[in-house]
Number of protein chains: 2
Amino acid sequence: MIDTRQNILEKNYEAMHRQGFQGVRPDKVISELGITKGAFYHYFPSKLELGYAVVDEIIGPRYTGLWKQLDYHQGHPVEGIVWCLEGIRSGMNATQCELGCPLNNLINEMAPLDEGFRKRLQAIMEAMHSAISRALQRAADKGLLNKNIDADNYAYFILAAMEGCFSVGKSMQDKGAFDAAMDALIATLREIKRESQKANGQ
Amino acid sequence: MIDTRQNILEKNYEAMHRQGFQGVRPDKVISELGITKGAFYHYFPSKLELGYAVVDEIIGPRYTGLWKQLDYHQGHPVEGIVWCLEGIRSGMNATQCELGCPLNNLINEMAPLDEGFRKRLQAIMEAMHSAISRALQRAADKGLLNKNIDADNYAYFILAAMEGCFSVGKSMQDKGAFDAAMDALIATLREIKRESQKANGQ
DNA sequence: ACTTGCACATACCAATTAGTATGTTCATCT
DNA sequence: AGATGAACATACTAATTGGTATGTGCAAGT
């Protein structure tokens with residue numbers, strides 16, 4: 001093993017993705033990795049701190065990294081958002097669809113149960129939300145978006161619809177349902193773009 | 001206690017709502033109820049079967065009951081869908097917002113872990129989906145909806161957006177965010193209704 | 001050469017978990 | 001009156017869980 005700590009993090013991330021944090025059994029993950037408790041508790045003081053590390057070092061960066069790119073996107077901001085959504089979709093296959101969105105899973109499991117998780121997950125959502133909101137605001141400032149769309153509120157809607165696509169795909173265990181919902185979301189975004197152009201006489 | 005079985009069901013439903021199914025500790029719920037293991041295992045053979053019963057007898061009927069009313073709704077089918085969404089929203093307060101949607105929670109926790117849960121949750125989602133899809137199809141048949149909207153796919157989107165509102169509200173622990181996303185969803189539905197009317201020259 | 005400390009391994013443990021096995025009470029039926 | 005069965009209560013248990021306490025090998029610094 002080149003980097004034991006990283007291996008522990010990644011295996012536990014996979015276990016959390018499949019079984020939820022409460023369902024993770026450190027003993028099992030340890031034996032799968034072929035290491036012992038000594039190694040595990042050398043790097044992490046407890047299961048809870050390991051969970052935090054998974055969020056901080058794996059889940060968080062993955063999401064914030066993607067949406068941060070919105071700020072540097074050239075062209076119509078709505079197309080930037082669509083580009084991010086397509087990026088997420090392209091990372092999905094049938095198996096990923098069954099397991100759902102790691103962030104969405106963890107929010108629904110842990111947000112009401114543990115303050116440490118909640119703050120971390122909220123920070124990730126807030127980063128995504130503000131990135132989307134800024135993109136919408138840029139569009140509005142350029143006159144590319146209908147004035148009666150509130151960027152902040154509409155960003156929550158986009159975020160909600162996106163996370164919901166995962167829930168639908170997971171419940172139906174059908175990537176077709178995930179894609180259908182995602183397509184409709186993207187179509188809706190392009191519709192408000194078109195309508196705004198018409199309204200502004202462009 | 002008038003109906004011990006029902007009390008067991010409801011207390012466990014509350015525990016599942018807060019902590020997830022894996023987080024439920026029958027012992028704890030039992031002692032909260034002031035009963036003993038004898039009573040619990042008299043009515044339910046196992047924790048898993050109790051979980052199934054909670055879905056079958058509490059969660060399922062609550063959701064299918066609401067959306068079934070769409071079939072009897074008079075007026076524009078899109079307004080029927082909005083009516084259902086408003087019904088869901090009216091049942092939410094700050095606490096409910098923190099705990100999220102019981103169905104969404106359970107899907108994200110249990111769908112990949114247990115076939116019995118998965119089938120039951122899928123059936124509930126399918127019932128909601130088909131109710132929404134039928135409403136959209138009725139609208140289309142009456143010429144009230146744009147022809148290029150696929151009822152089946154768009155119904156998945158509505159379902160996704162709705163469930164996503166709960167995830168957003170839960171992660172932000174803010175009913176304001178839930179409401180913002182919900183408002184944008186409703187506005188979007190009314191927008192496609194208006195656009196269809198224009199497109200059809202009404 | 002000797003100490004120091006990181007990176008693990010081994011062995012043990014208390015509490016919890018999801019049960020089971022076996023009573024007991026009481027209403028109802030015959 | 002006696003039998004029967006539903007509706008619980010009590011006591012016990014094997015396995016699991018999330019650790020802790022302690023030991024060891026080995027590389028680096030002095």
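Below, all heavy atoms of this structure are taken into account, side chains as well, without hydrogens, waters or symmetry copies. Lettering follows sequence order; numbering is per chain, from 1.
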remark   = Note: A:L106 and A:M16 closest approach over all heavy atoms is CD2-CE, 3.7 Å

task = Using a 4.0 Å heavy-atom cut-off across all strands, classify A:Y43 as base, sugar-phosphate, or nothing.
result = sugar-phosphate

task = Send over the distance from A:I35 CD1 to C:dT10 P, rounded to a whole Å.
result = 12 Å

query = Can any side-chain N or O of B:K170 pair as donor or acceptor with the backbone N or O of B:E98 at less than 3.5 Å?
reply = no

query = What integer distance in Å separates B:Q19:CD from C:dT17:C1'?
reply = 14 Å

task = Write down the distance between CG (A:L50) and P (D:dG18), rounded to a whole number of angstrom.
result = 11 Å

ask   = Below 4.0 angstrom from OP1 or OP2 of D:dA7, is there any side-chain N or O of B:T4?
value = no

query = Crowded around B:E115 CD? As in, over 12 foreign heavy atoms under 6.0 Å?
reply = yes

request  = Tell me which nucleotide among D:dA9, C:dC8, D:dT17 gets nearest to the side chain of A:H42.
outcome  = C:dC8

task = Starting at atom CZ of B:R5, determine the distance to atom P of D:dC8, rounded to an integer number of angstrom.
result = 12 Å

query = A:F44 CZ to C:dC8 P: how many Å, rounded?
reply = 12 Å

request  = Give a yes or no on whether a salt bridge exists between B:D183 and B:R89, defined as a side-chain N under 4.0 angstrom from a carboxylate O.
outcome  = yes

key: Whole-Å gap separating P (C:dA18) and CG (B:N12)   = 11 Å

query = Within this structure, what is the CZ-to-C1' distance between A:R25 and C:dT17, rounded to whole angstrom?
reply = 10 Å

query = Just how far, in rounded Å, is C1' of C:dA9 from CG of A:D27?
reply = 14 Å

Nucleotide of D:dA9, D:dT17, C:dA18 approaching A:K28 most closely (side-chain heavy atoms) = D:dT17

ask   = The side chain of A:K37 lies closest to which of these nucleotides: D:dG19, C:dA18, C:dC8?
value = D:dG19

ask   = Between C:dA18, D:dT10, D:dG18, which nucleotide gets closest to the side-chain atoms of B:Y41?
value = C:dA18

ask   = Which word best sums up how the rings of B:F166 and B:F178 line up, parallel for under 30°, tilted for 30 to 60°, or perpendicular for over 60°?
value = tilted

